[in-house]
Amino acid sequence: MEQRTSWQSIDQIDFTPRKQMHPSPHDWRDHFIYFLLVDRFDDNKWRIPYWGSRKKRQQDIRKGIGVHGGNLKGVKSRLKYLKSLGITTIWLSPVFKNRVDQGGSLHGYAIQDFLEVDPHFGTKKDLCDLVDAAHRLGMYIILDIVINHTADNWAYEGDAKPPFSTDGTRYPFGFWRSEHNSNELGPDDAVWPAELQDPDCYTRRGVIDNWNNATQAVQGDFFNLKDLDLNYLPTLKTLTAIYKYWIVETNIDGYRVDTVKHVDNEPSVKFFNAIKEFTESIGKQNFLIFGEIVDGDAVIAKYVGNQTVNNEQIQALDASLDFPLYFVLDEVIKRRLSPAALRKRYEVMRDTYQHSDGSDLLVTFIDNHDQMSRPYHRFLFDAEDTRQAILGVGYLLTTLGIPSIYYGTEQGFNGGGEAGAHQDNFIRECMFGGRWGAFGTRHWHFFNKRYRLYRAIAETAQVRATEPTLRYGRLYFREISKDGVNFHYPELNSGFLAFSRIHDDTEIVMVMNLRAETDTNHVMLDGVFSPPGTALVDLLDSGRTYLTTEGVNSSVVRITLEPYGMVILKKEKRK
């Protein structure tokens with residue numbers, strides 16, 4: 001029988017760091033995150049760059065199924081491409097070993113061995129080499145992890161898929177999935193480490209059939225993925241040990257935690273606290289842990305910051321993905337929803353996070369691989385113009401939060417399809433071509449630094465990197481006016497969206513034209529920081545300057561913008 005080359009049990013793990021721990025960033029708001037699916041990003045093979053049409057094409061969804069060959073060496077080979085884009089942190093989809101009898105998992109969320117790298121993606125050495133190479137370039141690596149479930153590593157009696165047990169009883173354990181007719185489990189059988197081979201590590205209450213039921217969402221199985229019981233202390237101990245191990249083994253800089261909302265609050269917060277205290281003890285005082293919480297701010301607030309458990313204050317998540325913003329920003333940028341929805345979103349944020357403006361608690365995004373609110377559509381799928389993506393990412397880079405983009409956005413990826421079997425593959429195109437290349441292509445790669453979206457995002461990211469006000473400043477939405485006299489906050493048909501970030505004695509103003517035609521508006525500014533007669537320079541184009549004039553108890557600047565244009569204005573330095 002094949003022998004394992006890694007740990008069989010957490011009792012065998014040495015938690016001593018393998019090398020000097022790379023220090024964490026001082027403030028994660030200084031960073032720009034790039035999320036990629038390892039299988040779909042790059043396969044480390046030579047290909048010709050694509051220069052053809054980026055129009056949507058009908059594709060056979062069956063070609064997108066399964067593993068396509070992207071790997072960790074491919075990610076490493078593209079570090080300079082990402083750095084030139086302005087990316088400082090790379091968030092990798094899960095790299096841990098998935099079930100092999102199911103052909104492998106492109107997304108990595110069906111884990112069979114929590115202590116091994118999936119061979120489709122490479123080896124532990126490949127992962128360590130990637131982290132080391134990123135650190136040498138001043139970049140950071142975040143791993144996507146799962147604490148809610150494992151793969152379909154075992155079956156209920158009779159290999160049934162029982163409905164959720166509403167009376168609280170557990171179904172009997174059936175058997176471990178194995179390719180061997182032996183009492184001894186091999187490396188591809190069951191689940192590893194061995195501690196997770198205890199049936200009591202699983203809730204065993206059957207498959208979720210009502211996703212709106214809170215109990216089912218927390219204690220039920222995601223389809224065939226088996227739900228872990230973190231209230232069972234050995235489960236919590238094992239998961240904590242697993243994810244401590246990956247930190248000392250690879251020197252990574254953070255975790256993104258999958259499906260946090262589907263884990264009981266108290267044990268999950270204990271897990272976050274244990275990881276935070278461990279990283280502090282080994283020299284990573286600001287190791288980032290952020291989670292996927294698909295809900296509003298009230299639910300997110302239960303998992304981020306300091307939380308009270310058994311009358312004790314402990315550290316929970318540092319941040320959450322900003323789904324409340326995701327649910328409205330796409331529609332605002334595309335003029336299907338009034339900008340009032342954005343103002344409302346930040347009002348709720350201010351009321352919810354009493355000790356923060358939210359900028360350090362939320363990771364913002366316009367696209368992801370799951371698409372909760374608009375199934376299987378990338379941001380550009382139904383956009384009128386690719387420049388709308390520049391506005392969307394520009395908003396993330398200039399407003400509150402830690403900005404994050406999804407791979408391919410910078411190359412105009414616009415996949416999408418109707419709900420149904422395998423339709424999520426439409427938003428999981430291959431950057432490197434293969435049989436599932438973006439825009440229906442094969443054998444071409446999409447790492448074009450001269451593509452206009454790439455260049456525009458890189459320019460905006462550079463502005464953010466050089467302007468502390470855009471990273472730490474207070475946020476104020478600005479009123480606009482056609483005649484310079486009657487001002488109002490932008491509504492659905494206003495065309496312009498404007499806001500300021502103010503920090504210390506500096507005001508920076510972001511103005512966007514959401515229309516498909518050239519438009520002119522007056523924008524109200526702060527009369528103290530940008531008094532009448534102030535020359536404002538566009539940080540995206542130093543050749544464009546604007547002069548503020550006197551308004552009613554304020555300053556006003558008149559701005560004309562081309563279709564889907566934007567400016568980032570700051571007081572001109574005196575020579």
So if I apply the side chain to side chain donor-acceptor pair (under 3.5 Å) rule between Glu410 and each of Tyr454, Tyr34, Tyr451, which one comes out positive?
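So, applying the side chain to side chain donor-acceptor pair (under 3.5 Å) to Glu410 and each of Tyr454, Tyr34, Tyr451, only Tyr34 qualifies.
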
Side chains of [Y] and [X]: any donor to acceptor distance under 3.5 Å?
{"X": "Arg471", "Y": "Ser359", "value": "no"}
{"X": "Tyr472", "Y": "Asp30", "value": "yes"}
{"X": "Tyr476", "Y": "Asp526", "value": "no"}
{"X": "Glu562", "Y": "Thr518", "value": "no"}
{"X": "Thr469", "Y": "Arg501", "value": "no"}
{"X": "Asp504", "Y": "Thr506", "value": "no"}
{"X": "Tyr564", "Y": "Glu384", "value": "yes"}
{"X": "His135", "Y": "Asp253", "value": "yes"}

Answer yes when [X] and [Y] have at least one side-chain N-carboxylate O distance shorter than 4.0 Å, and no when they do not.
{"X": "Asp322", "Y": "Arg345", "value": "yes"}
{"X": "Glu266", "Y": "Lys270", "value": "yes"}
{"X": "Lys571", "Y": "Glu467", "value": "no"}
{"X": "Arg428", "Y": "Asp370", "value": "yes"}

Under the ring-ring contact (aromatic ring centres under 6.0 Å, His included) test, which residues partner Phe365, sequence neighbours left out?
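ring-ring contact (aromatic ring centres under 6.0 Å, His included) check on Phe365 returns Phe323, Tyr326.
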
Assess [X] against [Y]: is NZ or CZ under 6.0 Å from the centre of the six-membered ring, and within 45 degrees of the ring's axis?
{"X": "Arg40", "Y": "Phe426", "value": "no"}
{"X": "Arg78", "Y": "Phe447", "value": "yes"}
{"X": "Lys276", "Y": "Phe271", "value": "no"}

Please indicate whether Lys344 has more than 12 foreign heavy atoms, meaning atoms of other residues, nucleotides or ligands, lying under 6.0 Å from its NZ.
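At most 12 heavy atoms, drawn from other residues, nucleotides or ligands, come within 6.0 Å of this atom.
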
Got more than 12 heavy atoms from elsewhere within 6.0 Å of CG, Asp351?
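Enclosed: over 12 neighbouring heavy atoms sit under 6.0 Å from CG of Asp351.
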
Let me know which of Trp246, Tyr255, Trp28 forms a ring pair (Phe, Tyr, Trp, His ring centres under 6.0 Å) with Phe287.
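The ring pair (Phe, Tyr, Trp, His ring centres under 6.0 Å) with Phe287 is passed solely by Tyr255 among Trp246, Tyr255, Trp28.
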
Under the criterion ring pair (Phe, Tyr, Trp, His ring centres under 6.0 Å), I'd like the reasoning laid out for Phe477 against Tyr346: C-alpha separation, chi angles, the key distance, then a yes or no.
CA-CA 10 Å; Phe477 284 95; Tyr346 292 105; 5.7 Å; yes

Classify the ring geometry of [X] against [Y]: parallel below 30°, tilted from 30° to 60°, perpendicular beyond 60°.
{"X": "Tyr406", "Y": "His369", "answer": "tilted"}
{"X": "His31", "Y": "Tyr140", "answer": "perpendicular"}
{"X": "Phe439", "Y": "Phe413", "answer": "perpendicular"}

Least distance between heavy atoms, Phe496 atom then Val523 atom
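Phe496 and Val523 have their closest heavy atoms at CD2-CG2, 4.4 Å.
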
